[in-house]
A.B. asks: 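Following this message is one structure expressed as structure tokens.
This is a predicted model, so every value here is computed, not measured. Letters A, B, ... are given to chains in the order of the sequence lines, protein chains preceding strands, and every chain is numbered from 1.
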Amino acid sequence: MKEMQTTYNPKEFEDAVYALWMENDCFKAKIDPEKIPFTVMMPPPNITGQLHMGHAMDETMQDIVVRFKRMQGYSVLWQPGTDHASLATEHKIVEALREEGVTKEELGREEFLRRAYLWKERYGGKIVEQLKKLGSSCDWSRLAFTMDETCSRAVREAFFQLYEKGLIYRGSRIINWCPDCKTALSDEEVAYSEDRGHFWYFRYPVKDSDAFVTIATTRPETMLGDTAVAVNPADKRYAHLVGKTLVLPLVGREIPVVADDYVDMEFGTGAVKITPAHDPNDFEVGMRHGLPLIRILNDDGTINEQGGAYAGLDRYEARKRIVAAMEEQGLLAKTEAHTHNVGHCHRCNATVEPLVSKQWFVKMAPLAKPAIDAVMKNKTKFTPDRFAKIYYNWLENIRDWCISRQLWWGHRIPVWYCEKCGAEICAREDPDVCPKCGGALRQDEDCLDTWFSSALWPFSTLGWPEATEEFKYFYPTDVLVTGYDIIPFWVMRMMFSGLRYTGKVPFRDVLIHGLVRDEQGRKMSKSLGNGIDPLEVIDRYGADSLRLSLVTGVAPGNDTRFTEAKVEASRNFLNKIWNAARFVLMNAKGEKVPPITGLKLQPADRWIISRLMTTIREVTLSLQKYDLGIAADKLIDFAWNDFCDWYIELSKPALYGADAERKRTTLGVLCFVLADTLKLLHPFAPFVTEEIYGYLPNTEGLIISADYPRYNTKLSYREEAKAFEGVIDLIKAVRAIKVSVNCPPSKKVHIYLLGEAKRLVSVNKSSILRLAGASEIEFVESGAEAGEKTVSRVCEMGQLFVPLGELVNLEEERARLEKELVRVTGEIARADGKLSNNNFCAKAPKKLVDDERAKREKYLDMKLKIEEQLKALQ
RNA sequence: GGGGGCAUAGCUCAGCUGGUUAGAGCGCAUGCUUCACAUGCAUGAGGUCACAGGUUCGAGUCCUGUUGUCCCCACCA
């Protein structure tokens, strides 16, 4: 047998353990009619992605749930995959091309895509390898990609179905345009931030008059596209101007003054320039008043030919010149500093321009409704449930989804236009010629929003629209684990897509987690440079430590701070487990370890087994509720405090003693409890538990495939375990006494106990003496028998007296007892207060009342004993 | 403007459907070279659970309001 090293050193075994799992096909999903399926879809990371702390937390949570369910006997599918991330990837590749001095247009679509695939082959797998480092136990043999054949077929089918029902349409509407990426964006892909800018007040002359209307704007260049000025119909200041004509400065266009409720009389000057082609509100006003749309921007953010003298200039250069020109003409009334929210491209952070453009949209209202209902009816449940409200809030206010992107990397829109008859054809299979007139066809140039394919992930990866065996067995999936920031992008869209295409919700549970922040509570971000690389942490502390640190002390849905101290604490715990195992193995060496059944168990054995059972129940329940943090806390508490600090210490006299049977029993219990503890811990810390499991004499196979421990009523020993707590309490009391008088720990004391638990004490005598640092324990009838200079304490087993001679300071002892007396008297008063309340006795559960009575008795007894002792000290 | 979170020990945070004396980790204090572990052990100090009302026999927990703080969405040109 291999020897375990003295300290936990994860680097020594993590990779080998992972390889072992792979060799044994431990992650493989199998269709097994005998078993209940349990399916989790991994949120596919972008192929451009690097593993960050957010992933680490998300993956860890999924892996915990998945390993737990696998051990419980479910047939688990954890489906991995990557997302083509059309915009992010194309952006990266375009940038790489720029280094080479080539544009994508020069390359052409075909060559560009060839390069993109090469790029994907080269870098796309990186994140997959990183996930393995974390211990992710997904079925890699099923690794999917949003642009692979199966997923692409699903995209085509989904598009076709919506198109057929008129739920996808093409139209000219105001969309968000990124001049850098040169594509349209969905509303969700625009991030707003407060930017410092200006308010420029411009005078627009009234035609054939000396009068002006003063308007305020934050984007002066858009005046080139103004087609009206609007005022509120109730605004007396401007009533006489409604219907009049203004002459747009610099341009010379004649534009009307219109009255519209949209205008806020209180804000600015109460008169608003209207640029229907470049502002969503103005667009609406324009529609109402039949105003022309004049688009003044090119796709790259420069002014187009509509801008006259300003044509060809960058939008900001044009802005500068327009302000200067207005000032020169005496039409700039004033300039004010002004902060306002400006939209930025989610990807490249460039300022987004709202502009009118012909794009493809998904009609959202009919899709949103069923998605809301499904959650209302609890077909899908959010954990924590407050996120349902956020989900509703999104869906209730949703606008049509702009799905076309002016990109090449992605799923091309499956629509063709006939060059001859102008027909628009959407088809499941690529058509060769126009089915109407036989004319030549030209496919739409655009690609679909990445999220259109991600939305299908829970079923596209299972082969939908084919009714594959996998789809039938594993769909709907069980739980989706993701961050709250992804609800609008993904959760929502999977919900309405799943319902629409499969008629079923895509998942029954949505487990939402928060963000991993830095030590100061700031969001980890590239620009701040405060991100911590999970791989580096794994390198230094091991994956298990990282995993544990990401789930302990974290409430579901709450943000958490990542600190090295937490990782260290987790590492220390795992080292503890490592050494506990080492201790057990050292003692088990060469011996046959008996199974737990049929052993002659002692009180301490029953106590630890009882605690184990309680822990099994609590951890199982917590995991079922997705309370991962609580589960981990309970488990750590049990393993460290109960098992290591108490049971292992208690076991030493038996292990080192002469009684062979007792030694054998203790060894059996140690091995049994350790093995179960490792199993409970395995979902959280898979590597180290697997490694240790391999050393244990009482196990076979791999822990990953072991049965999850079950609560066994026969092993619960509730009464005996409770009684044994008295032994622990006694030991603690003796230790406390020794510390309180500065008695050196090595100095053995004589314990006198006034109490009844003689049997319990005698059975555990050697443990008590060892752990309390005592030479003898003796029962007495009264405190006087213990002698003069004693320190006393009331504990669960009774009252104990420790003669400590010169160390005893009678004054201090008296003061301590008096303090204790105050506390106990307070407790009695509290209990009396409760019990004398008739309402309490009548309405509270009987058990509670009984407990309160018992407590009162206990404290009364304590009080009596303390008073006696005080009297003895007089 | 709409929606949501948070406020508990010096720090970071747990506390499930209300029910013993409110917990953990870190930090702090004191003491330990006990043959698994100093990545450790023992003992201890430290909390008016933001504030004000209310419901209840009983509130850290539920309700209302206040204050502070953070986030998301919308957005007044």
A.B. asks: Check whether any side-chain nitrogen or oxygen of A:Lys625 sits under 4.0 Å from OP1 or OP2 of B:U17, and answer yes or no.
C.D. replies: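 No, A:Lys625 has no side-chain N/O under 4.0 Å of OP1/OP2 on B:U17.
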A.B. asks: Could you tell me which non-hydrogen atom of A:Asn232 sits nearest to which non-hydrogen atom of A:Asp261, and how far apart they are?
C.D. replies: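 Result for this residue pair: ND2-O, 3.8 Å.
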A.B. asks: Using a 4.0 Å heavy-atom cut-off across all strands, classify A:Ala580 as base, sugar-phosphate, or nothing.
C.D. replies: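 Counting heavy atoms under 4.0 Å across all strands, the contact made by A:Ala580 includes a base.
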A.B. asks: Expressed as a whole number of angstroms, how long is the span from A:Lys576:NZ to B:A42:C1'?
C.D. replies: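 The answer, rounded to whole Å, is 12 Å.
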A.B. asks: Do A:Asn341 and B:C75 have a side chain to base donor-acceptor pair shorter than 3.5 Å?
C.D. replies: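 In this structure, the two groups form a donor-acceptor pair.
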A.B. asks: Hey, are A:Lys389 and A:Glu396 close enough for a salt bridge, meaning a charged N less than 4.0 Å from a carboxylate O?
C.D. replies: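 A salt bridge is absent here (no side-chain N lies under 4.0 Å from a carboxylate O).
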A.B. asks: Rounded to whole angstroms, how far apart are CD on A:Glu618 and P on B:A14?
C.D. replies: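 Value for this atom pair: 19 Å.
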A.B. asks: Report the distance from atom CG of A:Asp645 to atom C1' of B:U39, rounded to the nearest whole Å.
C.D. replies: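 After rounding, the gap between these two atoms is 14 Å.
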A.B. asks: Name the closest nucleotide to the A:Cys644 side chain, picking from B:U43, B:A77, B:A36.
C.D. replies: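 For A:Cys644, the side-chain atoms sit closest to B:A36.
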A.B. asks: Using a 3.5 Å cut-off on both pairing distances, which stems of three or more Watson-Crick or G-U pairs include RNA chain B?
C.D. replies: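 Ordered by first number, the stems with RNA chain B (at least 3 consecutive pairs each) read B:1-7 with B:67-73, B:10-13 with B:23-26, B:28-32 with B:40-44, B:50-54 with B:62-66.
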A.B. asks: What I want to check is whether an N or O donor and acceptor connect the side chain of A:Gln5 with the base of B:A36 at under 3.5 Å.
C.D. replies: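 Counting by modelled atom types and ignoring angles, no donor-acceptor contact under 3.5 Å is found here.
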A.B. asks: At 4.0 Å (heavy atoms only), tell me whether A:Ile648 reaches a base, stays on the sugar-phosphate, or touches nothing.
C.D. replies: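 Here A:Ile648 touches the bases of the nucleic acid.
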A.B. asks: Do you know which two heavy atoms are closest between A:Ile372 and A:Tyr391, and how far apart they sit?
C.D. replies: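 Nearest heavy atoms, A:Ile372 then A:Tyr391: N-OH, 4.2 Å.
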A.B. asks: Run the numbers on A:Arg571 and A:Asp544 for salt bridge (charged side-chain N to carboxylate O under 4.0 Å, His left out), then give the verdict.
C.D. replies: CA-CA 8 Å; A:Arg571 191 269 322 264; A:Asp544 290 330; over 6 Å; no
A.B. asks: Is it true that a side-chain atom of A:Lys738 and a backbone atom of A:Pro745 form a donor plus acceptor pair closer than 3.5 Å?
C.D. replies: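 Yes; at least one donor-acceptor contact below 3.5 Å.
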A.B. asks: Nearest-Å distance, CZ (A:Phe387) to C1' (B:G3)?
C.D. replies: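 Between C1' of B:G3 and CZ of A:Phe387: 13 Å.
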A.B. asks: Please determine if a side-chain N or O atom of A:Trp640 lies less than 4.0 Å away from the OP1 or OP2 oxygen of B:C41.
C.D. replies: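 True: A:Trp640 side-chain N/O within range (under 4.0 Å) of B:C41 OP1/OP2.
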A.B. asks: To check you understand the geometry: which heavy-atom pair defines the closest contact between A:Ile487 and A:Phe382, and what is its length?
C.D. replies: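 Scanning both residues completely, I find the closest heavy atoms to be CD1-CE2, 4.4 Å.
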A.B. asks: Listing time: all N or O pairs from protein to nucleotides 18-20 of chain B that are below 3.5 Å?
C.D. replies:
| unit_1 | atom_1 | unit_2 | atom_2 | d |
| --- | --- | --- | --- | --- |
| B:U20 | O3' | A:Arg830 | NH2 | 3.3 |
| B:U20 | O3' | A:Lys855 | NZ | 2.7 |

A.B. asks: Where the side chain of A:Asn579 meets the backbone of A:Asn575, is there a donor-acceptor pair that is under 3.5 Å apart?
C.D. replies: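 Checked: pair present.
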A.B. asks: If you look at every strand shown and take non-hydrogen atoms under 4.0 Å, does A:Cys841 touch a base, only sugar-phosphate, or nothing?
C.D. replies: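 The residue A:Cys841 makes no contact with any strand.
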A.B. asks: Between the main-chain N or O of A:Ser570 and the side-chain N or O of A:Ser545, is there a donor-acceptor pair closer than 3.5 Å?
C.D. replies: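 Looks like no, no N/O pair under 3.5 Å.
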A.B. asks: Grab the CZ-P distance between A:Arg582 and B:A36 for me, whole Å please.
C.D. replies: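 So the two atoms are 8 Å apart, to the nearest Å.
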A.B. asks: Please answer whether the main-chain N or O of A:Tyr262 pairs with a side-chain N or O of A:Asp260 as donor and acceptor at a distance below 3.5 Å.
C.D. replies: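 Looks like yes, one N/O pair under 3.5 Å.
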A.B. asks: Atom CD of A:Glu188 and atom P of B:C73: how far apart are they, to the nearest Å?
C.D. replies: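 After rounding, the reported distance stands at 9 Å.
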A.B. asks: Could you pull out the closest heavy-atom pair between A:Tyr626 and A:Pro556, with the gap in Å?
C.D. replies: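 Looking at all heavy atoms of both residues, the closest pair is O-CG, 4.4 Å.
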A.B. asks: Let me know, please, whether A:Arg386 or A:Tyr484 comes out on the 5' side of the other along RNA chain B by nearest nucleotide.
C.D. replies: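 On the 5' side of the pair lies A:Arg386.
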A.B. asks: A:Lys858 near the nucleic acid: base, sugar-phosphate alone, or nothing, with a heavy-atom cut-off under 4.0 Å?
C.D. replies: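 Base contact - A:Lys858 has a heavy atom under 4.0 Å of at least one base atom.
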A.B. asks: Passes salt bridge (charged side-chain N to carboxylate O under 4.0 Å, His left out), A:Glu820 versus A:Arg823? Steps please.
C.D. replies: CA-CA 5 Å; A:Glu820 183 69 0; A:Arg823 189 182 71 86; 3.2 Å; yes
A.B. asks: Go nucleotide by nucleotide along RNA chain B from the 5' end; which of A:Val584 and A:Asp633 gets its closest nucleotide reached first?
C.D. replies: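 On the 5' side of the pair lies A:Asp633.
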A.B. asks: Please assess A:Glu336 against A:Lys334 for the test salt bridge (charged side-chain N to carboxylate O under 4.0 Å, His left out), listing each intermediate value before the final yes or no.
C.D. replies: CA-CA 7 Å; A:Glu336 279 175 358; A:Lys334 61 174 171 173; 3.2 Å; yes
A.B. asks: Please find the pair of heavy atoms, one from A:Leu574 and one from A:Ala685, that lie closest to each other, and give the distance.
C.D. replies: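 Shortest heavy-atom separation between A:Leu574 and A:Ala685 comes out as CD2-CB, 3.9 Å.
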A.B. asks: Could you check how far CG of A:Asp637 sits from C1' of B:G25, rounded to whole Å?
C.D. replies: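 After rounding, the gap between these two atoms is 12 Å.
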A.B. asks: Answer with base, sugar-phosphate or nothing: what part of the nucleic acid does A:Tyr392 contact at a heavy-atom distance below 4.0 Å?
C.D. replies: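 Contact class for A:Tyr392: none.
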A.B. asks: Identify the pairs formed between an N or O of the protein and an N or O of nucleotides 11-13 of chain B at a distance under 3.5 Å, and give each distance.
C.D. replies:
| unit_1 | atom_1 | unit_2 | atom_2 | d |
| --- | --- | --- | --- | --- |
| B:U12 | O3' | A:Arg561 | NE | 3.3 |
| B:C13 | OP1 | A:Arg561 | NE | 3.3 |
| B:C13 | O2' | A:Gly553 | O | 2.6 |

